[in-house]
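Notes to accompany the following structure.
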Amino acid sequence: MSRAVFVTATGTDAGKTYVAALIIKKLRESRINAGYYKAVLSGAEYDADGRVTGSDAHYVCAVAGIDGAPEELVSYIYKTAVSPHLAARLENNPPKIEKIIGDFERARRLFDYVVVEGSGGIVCPVRRDKSVSSDTSYAPSKNSDGNIMLTDIIKAFGTDIIIVAPSGLGSINSTVLTVEYARQKGMTVKGVIMNNFDKNNPMHADNKEQTEALTGVRVIACLPNNCADFPLETKELIKIFGE
Ligand SMILES: Nc1ncnc2c1ncn2[C@@H]1O[C@H](COP(=O)(O)OP(=O)(O)OP(=O)(O)O)[C@@H](O)[C@H]1O
Ligand SMILES: [Mg+2]
């Protein structure tokens, strides 16, 4: 049975793709059959013939040396660079939870270790069929196709999560909120990865200390800017993956 981990973040652009690529690269360099999967991606680049030429999956496959068509590792790809639920609505292609689960299972058959990248942060609407104006209650989703949150997908996969967080000012707040929200949804947080970490910046070091103290979750790695090698030994790295 393959092993998987879900990479989420304190928000969009925190570095999920960057981190996923480095984790998979590190494992593959140790001859481990590691790969990637992402359920819903928005803001993809296309060529004139309508082929996807740029996406998170393309970046990860290039960096980590995964052969094959990157777009096959993503269930839903949208051109519009907005939240998945809005892109799905604008492009009239609503995600289906059955397809997402089936594609994840396919990724688990392809790879022994699967790094799943989330979309945005932990609170991410993937499909919202109700009209926004009449839906002000922010009701918890019922895991139905008409109303899918990212957390429904994580729960359906049964994976633990790791959180990519910034290292600078505001990091304590956004990381603690993300951990607490994930816990409230019944998830296990395996660790936090602090990105763009400057070991010479005392605030970054203190943010790490405070985040660990306030959440009880370990910061498993601190990635400097332009880091090319995931700073954790392979035998430690594989511990973030559940069964
Ligand atoms: N440690 C780093 N060093 C240099 N550049 C980085 C680092 N981490 C992230 N970046 C850059 O920051 C940008 C955002 O990172 P990334 O695409 O990984 O974020 P993301 O969380 O996957 O975003 P999205 O929510 O769109 O999927 C990218 O251009 C990426 O190359
Ligand atoms: Mg990404």
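Nothing fancy with the numbering, it's 1 onward along the sequence. Read the numbers this way: they start at 1 and go in the same order the structure lists the ligands and their atoms.
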Quick one: do the Ser55 and Glu71 side chains pair a donor with an acceptor below 3.5 Å?
no

Classify the side-chain pair Arg127/Asn147 by whether it contains a donor and acceptor separated by less than 3.5 Å.
no

With a 4.0 Å cut-off on N to O distance, would you call Arg183 and Glu180 a salt bridge?
yes

Only one of Ile163, Val189, Val192, Asn173 forms a side-chain contact (heavy atoms from CB on, under 4.5 Å) with Thr178, so which one is it?
Ile163

Parallel, tilted or perpendicular: which fits the ring planes of Phe157 and Phe6, with parallel below 30° and perpendicular above 60°?
tilted

Atom CG of Asn92: over 12 foreign heavy atoms under 6.0 Å:
no

Taking atom CG of Leu232 and atom CZ of Phe230, what is their separation to the nearest 0.5 Å?
5.5 Å

By side chain to side chain contact (heavy atoms under 4.5 Å, CB included) - contacts of Ser167 (at least two apart):
Met194, Phe197, His204

Any idea how many protein N, O or S atoms are nearer than 2.8 Å to the Mg ion (ligand 2)?
3

Heavy atoms under 4.0 Å from ligand 1: which residues qualify?
Thr12, Asp13, Ala14, Gly15, Lys16, Thr17, Tyr18, Lys38, Asp56, Glu117, Gly120, Asn195, Asn196, Pro224, Asn225, Asn226

Less than 3.5 Å apart, which donor and acceptor atoms pair up between the side chains of residues 214-226 and the rest of the protein, not counting sequence neighbours?
| unit_1 | atom_1 | unit_2 | atom_2 | d |
| --- | --- | --- | --- | --- |
| Thr215 | OG1 | Thr211 | O | 2.6 |
| Thr215 | OG1 | Val217 | N | 3.0 |
| Asn225 | ND2 | Asn196 | OD1 | 2.7 |

